[in-house]
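Note sheet for the following structure.
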Amino acid sequence: MMQQIKLTFPFLFVACSFVPSLFGADTIAIRAGKVITLAGDSIENGIIVIRDGKIEAVGTDLAIPVDAHVIDAQKHVVMPGYVDAHSSEGMGQANERNENVPFLSVVDGIDPSLDYFEESLRNGVTTVAIVPGNNTLIGGKAAIVKTAGQYVNDMLVQRDAGMKISLRPTSGGRMGHMAKLRRELDKAKAALEKRNAGEKPNPEPEKQEAPAGEGEKKEGEKEDTPQPEGAPQATPPDAAKIAQGLESMMAVVEGKMPVYLYCDSAMDVAAALKLEKDYGLKAIYVLGRDTYKAASLLAGKDQPVVLDRNLIYWETDPRTREDRQIVLPEVFRKAGVPFVFQTGDGSQRPNDASSYLWYQAAIAIRHGVTEEEAMRKLSLVPAKLLKIDDMIGSIEPGKDADLVILTGEPFRITTWVDKTLIKGKIVYDRSKDTKLERLLSPAAELKQ
Amino acid sequence: MIRWLFVIGMICFGLLSSQPSAAQDRPQAFFAEWLWPGDGPAIQDAVLVIHQGKIIASGARASTDVPIDSDHHHLGSSVMMPGLIAVDTNLADRGVPEERNVTPENLALDAFDFFRDFDSLLEAGITTVQVTAGKSRLMPGQGTVVKLAGASIEERILRETQSLKLDLTRSSLNAGTIYEPPVGAVSVDRPLEPSRPQLGTSLLEVTVGLRALLQSAKQLGSSEDLRLQALSQSLQAQQAFWIAAETESEISLAAKLSAEFELPWVLVGPRDIKSALENIDWSSGSLQGVILNPDVKPGELANTPVPGRDSPRDSTPSQLARQLRDASVRAMAIQATSDRELPQLLFTSKVFLRSGLTREEVIRMLTQGPAELIGVSDRVGTLSAGKDADFLVLNGQPLENGSKVTATYVNGKNVYTYETPLDILRLDASKIYTGSEVVHQASISIARGKIQGVGTSVTVPEGATMRSYPSGVIVPGWIDVGAELGLGGPINDVIPLDTKLGSWLLSDDETVQYVRQAGITTAFVSSNRSPSPVLAFKLGDSPRIVKDPVAIRFSLTGEIAAAESSLRRTLSTAKQYVTAWSQYESSYLDYKKKLAEYEASKKKFDEAVKAAEQKKADEQKKAEGEKTPKEPETPKNAADASKPQDAKPDSVATASTPPSNDVKEPEKPKEPEKPKEPEKPKTNAALEPYRPLFAGELVAMVDVENERLVEVALKIFRQEFELPTVIVGGEAATKKMELLRKHQVAVVAGPMLVQEQENETTNVPVELAAHSIPFLFQSKASSGARKLPDAIAYSVHRGLGVVDAVRGLTFEPAKQFKLLDVGVLAAGKDADLVVLSGEPLDMGTEVLAVIIDGKIVYERELEP
């Protein structure tokens with residue numbers, strides 16, 4: 001892992017504006033009617049002991065520590081918090097105007113006060129990979145964040161979690177787009193070869209900074225520094241800026257920084273596979289809906305792809321004028337391509353049901369994915385894809401206590417998220433969700 | 001350099017296409033009438049053997065070794081040729097047009113969508129395309145060569161980067177807004193750059209610019225500039241420059257540049273070469289070939305500028321082609337007029353036949369020529385051993401009207417098959433017996449079960465299946481007026497006369513399918529017991545009723561007097577019944593007429609009565625006093641009046657006296673009398689069929705055993721009851737010729753046509769023909785009906801005229817039994833016909849095909 005910032009400050013309260021923090025206790029125990037651990041069988045009438053934000057123990061016959069605050073969820077179901085593997089929300093805007101900006105990082109754009117985070121907690125999403133939007137060529141660096149926190153640094157799980165590269169042509173044609181991308185990658189490759197050969201690359205200051213050390217350095221940084229001022233030395237600042245981007249691109253071609261490769265159409269998938277092969281990229285495939293025609297090319301990949309938000313749509317045959325329904329989870333499942341879901345479309349927040357991760361999983365269940373697998377696709381599978389499954393993704397001792405307490409079995413229409421916990425803190429409580437209350441009792445509001 | 005390793009994808013595709021894997025393991029041999037190898041004249045009676053996507057042998061059948069274990073595909077009169085190669089296509093999805101004028105780093109391959117549906121091009125026979133990186137730009141990028149179908153992307157790419165395009169035509173010189181977009185963030189130090197000209201817009205400026213560009217690229221080792229680097233690589237690799245140049249000056253510049261920088265080049269789309277013809281070394285040197293634009297837009301009419309009298313005339317594309325051929329250009333290829341015309345590549349290429357290029361040369365310009373120009377002649381372009389099995393099957397000679405690609409194969413896999421609409425056919429034969437005449441070297445076209453046209457020149461409906469029988473003869477489908485078919489066997493029971501035998505017909509009857517192979521398309525069936533209804537039906541897969549009943553069959557057998565009286569009795573009863581009905585019908589008509597009259601007068605009468613009453617009431621009211629306001633009255637009156645609007649004034653005038661008159665009792669009109677409906681006779685189902693018989697709509701078929709009975713039959717049916725009659729029993733009839741002729745009665749001959757008894761031979765049809773008595777044929781058999789044409793063939797052998805015999809099997813039965821849609825080959829008639837290998841009704845002739853209602857129900861299998 002390149003960077004992992006573990007926020008283990010017990011004193012730092014996760015204070016979402018709409019949920020007052022309830023407990024100050026370091027130790028929490030949840031009595032759950034059912035625990036879906038995703039690390040083995042589900043546990044009926046289980047107990048989860050959380051200490052210092054981490055899961056300490058899960059089981060049936062556990063002694064509840066005396067100092068523990070007990071959350072009674074005996075009629076409820078507890079699941080790991082959901083993970084969204086690709087989202088371009090939580091920022092003021094998804095993309096910069098320019099299409100080749102590898103030096104940017106979403107961290108500078110994340111606004112914790114956005115409704116998006118509130119809505120995420122309400123729907124059980126506790127971890128999101130925030131990635132620059134699809135309307136770009138090299139769009140900048142992604143970050144993995146928890147959905148609760150007052151400042152970005154409180155939320156960060158991993159800075160520079162990947163580079164966004166989109167194969168959808170922006171300005172100019174497809175050929176120019178690809179030619180530009182190859183040029184950037186070639187440049188990075190050449191710089192990397194130079195460095196490996198012992199030569200000093202042009203950007204002097206960056207050279208010493210090993211990728212592993214990069215994270216630590218950035219951790220120490222203050223906010224509001226869009227680009228770490230890596231140029232105290234003699235090199236002019238302009239060169240340093242370029243170098244910043246080049247350094248990231250070098251990490252990309254070195255296979256150290258994953259690439260969120262957005263493929264808009266089927267032909268992009270072919271091109272992406274070729275790029276992955278030619279440049280040794282570590283690609284996370286983010287697929288547009290039309291890519292389903294190339295599903296067979298992706299068959300056999302161990303790593304899941306991120307499906308388009310529109311899991312079901314209609315397509316008209318240009319020749320026969322026949323309409324037919326395309327069900328992405330079905331197509332990819334039959335092609336043998338593992339997949340996870342996303343709720344955004346790369347730029348705007350949709351208003352329909354597909355903006356809920358659990359809804360996407362429910363659609364998949366309807367089209368042949370087992371309920372068990374769908375649950376895994378909500379947390380453990382995306383956690384593995386993001387390589388953070390050592391921290392989150394399942395309910396196991398040692399992992400972050402990011403939990404969703406549901407009022408019933410998942411994927412049922414009558415089931416609500418009752419509470420959401422991040423690192424053992426209740427960050428959402430339905431009984432205190434005044435917005436939801438108002439939404440659901442319009443009569444009460446009318447009376448006032 | 002770049003390896004497309006879609007191993008996984010290939011495995012997947014492999015799995016998908018694994019069904020015919022067993023067949024794919026064996027060589028596949030395709031036999032066809034003609035084979036165009038792509039680089040030479042057509043080979044007749046050819047075979048093409050492919051194995052695992054490659055051609056392993058091709059040539060004339062006699063001289064080609066076909067592996068013993070190969071699967072055979074007989075394509076009949078079809079023609080095989082290599083898959084077409086389209087060059088300089090714009091099939092790459094370029095999104096928005098490139099902003100820059102010089103982008104040698106752009107690769108067409110990047111924008112070629114392998115997932116796009118290319119069915120319409122595969123239908124047109126195009127299997128390989130050269131894709132250009134763009135047009136309307138000076139140097140849009142590097143082209144690629146791909147196949148339009150294939151198991152995997154890797155397999156479909158023939159050449160990743162094939163050529164560098166250079167467009168010197170006006171369209172690129174005057175390209176739209178061109179600017180360099182800024183790279184990186186826009187800030188104070190990196191302001192948005194204004195658009196700037198890249199190169200001049202005149203040929204002269206471009207020349208200077210290009211020269212500088214090529215010069216620097218040539219001297220360059222490596223460069224930060226992507227464009228120069230790409231260009232330099234291209235120069236080093238001796239990649240061909242595809243130079244689009246239309247006019248003389250553009251072509252000269254192209255030639256100059258290529259000479260200066262030692263560029264191997266291909267001239268694309270010249271329109272006018274004139275003096276360049278002498279100045280350029282066409283046959284050797286760096287020019288690899290020329291790509292010609294047919295400049296034909298199928299079906300489009302457009303106004304073009306009329307060349308002035310003094311202005312030098314541009315050569316037409318076909319003239320250009322000939323000039324270039326005469327200058328021995330190394331290779332020529334044909335491009336589509338534009339991408340829209342790609343599916344019509346074969347048609348538009350015909351323009352090159354105009355000034356004397358041979359068909360072989362034009363085909364070469366679509367196959368071997370382009371293959372050489374794009375550097376893939378080791379893979380595609382010709383049908384010779386070792387090449388990819390990319391070939392087409394056409395239903396006629398390429399570049400000939402009406403010929404169509406019926407199947408396209410890429411790498412030995414069928415990627416397109418024309419779904420033959422079997423109901424649209426065109427048949428060519430050396431001779432057609434239409435029923436009324438004989439036409440030589442004629443065609444017949446069929447659509448939706450009906451004949452559309454017969455003659456020496458017929459209009460062919462689009463998508464017609466073509467069958468050519470150069471020595472074949474087409475006759476109308478034979479009609480057997482007495483068979484035992486379609487009902488599962490002979491009927492030997494008395495059946496009610498109103499039985500609809502059509503409802504007894506069996507589908508998919510094997511006997512029917514067997515019999516129709518002899519050309520019998522319509523058969524009559526009835527019970528063997530008299531009287532019986534007769535059904536006429538077609539011998540299609542699901543039998544179709546032609547007429548039910550078409551006749552009533554009587555048989556006269558046994559003792560003459562008894563037979564005669566019984567028949568007379570039957571017919572008398574029938575006649576009585578028919579007369580009762582016809583009387584009723586006429587009196588009913590009468591009654592109807594009277595009823596209408598009555599109703600009219602009744603209406604008049606009613607109105608008159610009403611008017612009188614009204615008047616009476618009015619008068620009463622008047623008498624009571626005039627106090628009542630008139631307002632409510634008027635609408636009422638109006639309403640009353642409005643009903644019999646036009647009748648009223650009339651009735652008032654006739655039926656009632658003027659209103660001022662004080663007569664109390666107006667003249668009472670006489671009430672009309674209602675006519676009486678005639679009594680309907682009782683319906684007798686068993687006698688019902690006699691009504692059309694007596695009305696002349698049906699025919700009485702009378703079986704006669706001997707000559708005496710012929711007399712009886714004629715006496716009763718013709719003299720006494722005046723029914724349309726056909727005598728069944730040829731041998732008996734031959735003895736009463738004069739009588740038959742007098743009554744103008746046709747005779748059904750068969751099953752025995754030639755009787756040989758004690759050295760005396762009676763050839764029944766010949767006898768009948770000699771006496772001008774129309775005759776028909778019956779088989780009186782089930783599967784034996786298949787032998788009917790052979791039996792007649794013997795008759796013909798022994799002297800019967802062929803035309804007479806054909807007539808007896810086709811036109812005559814249709815005429816005698818008033819079947820309007822069969823028996824004749826003419827526009828609008830049912831498409832029932834038989835294709836024969838030679839003269840009809842000849843033992844030496846075999847049936848090649850049988851068509852019933854436009855459907856080929858039998859086709860002789862072609863022997864290898």
Side-chain angles (χ1 to χ4, degrees), chain A residues 96-104 137 167-184 186-187 190 227 236-238 241-242 245 264-271 273-278 290-301 317-319 335-337, chain B residues 1-13 15-16 92-100 103-117 119-120 133-134 137 140-142 144 152-154 156 160 181-187 189-190 192 222 224-227 229-230:
Chain A
E96 288 295 327
R97 282 170 62 92
N98 292 306
E99 55 182 29
N100 184 6
V101 284
F103 43 83
L104 296 186
L137 172 60
L167 299 187
R168 179 169 68 193
T170 44
S171 62
R174 201 174 281 277
M175 286 183 275
H177 194 77
M178 292 301 292
K180 264 180 248 168
L181 177 57
R182 266 198 296 268
R183 176 178 57 188
E184 294 304 317
D186 282 337
K187 237 197 275 181
Q227 279 95 44
D238 193 49
K241 270 185 195 169
I242 295 165
D264 193 44
S265 62
M267 62 187 286
D268 291 339
V269 176
L273 283 161
K274 187 163 164 270
L275 284 173
E276 185 186 22
K277 173 94 196 141
D278 289 349
D290 292 332
T291 55
Y292 75 91
K293 290 176 202 149
S296 60
L297 295 183
L298 294 161
K301 281 211 170 283
D317 191 295
R319 279 153 65 84
V337 183
Chain B
M1 179 183 86
I2 308 166
R3 274 159 295 158
W4 291 75
L5 263 183
F6 296 132
V7 180
I8 298 151
M10 280 172 74
I11 291 165
C12 269
F13 277 111
L15 285 173
L16 283 173
D93 165 28
R94 280 162 296 130
V96 290
E98 180 56 64
E99 296 140 328
R100 297 162 296 163
T103 50
E105 75 276 21
N106 277 5
L107 308 181
L109 186 61
D110 278 337
F112 183 80
D113 188 353
F114 287 94
F115 297 89
R116 208 170 119 185
D117 180 352
D119 287 358
S120 62
R137 293 289 179 266
Q142 302 177 40
T144 185
S152 68
I153 291 171
E154 185 198 37
R156 286 175 64 178
E160 285 170 11
V183 179
V186 177
S187 64
D189 349 281
R190 298 177 60 83
L192 188 71
S222 73
E224 282 292 297
D225 190 318
L226 195 58
R227 285 175 289 175
Q229 211 177 344

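Numbers restart at 1 for each chain; the letters A, B, ... are given by sequence-line order, proteins then strands.
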Yes or no on side-chain contact (heavy atoms from CB on, under 4.5 Å) for B/Phe114 and A/Leu297, after CA distance, side-chain angles and deciding distance? CA-CA 12 Å; B/Phe114 287 94; A/Leu297 295 183; over 6 Å; no
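Atom CG of B/Asn106 sits about 12.0 Å away from atom NE2 of A/His177, to the nearest 0.5 Å. Interatomic distance, B/Leu109 CG to A/Arg174 CZ, rounded to the nearest 0.5 Å: 12.5 Å. Rounding to the nearest 0.5 Å places CG of B/Asp110 at 6.0 Å from NZ of A/Lys274.
The shortest non-hydrogen separation linking B/Ala133 to A/Met175 is O-CE, 2.6 Å. Of all heavy-atom pairs spanning B/Glu105 and A/Ala179, the tightest one is CG-CB, 3.5 Å. Summarising the geometry of B/Phe115 relative to A/Ala294, their closest heavy-atom pair is CZ-CB, 3.3 Å, with the distance given to 0.1 Å.
Inter-residue side-chain proximity for B/Leu107 and A/Arg182 is flagged as met; some heavy-atom pair is nearer than 4.5 Å.
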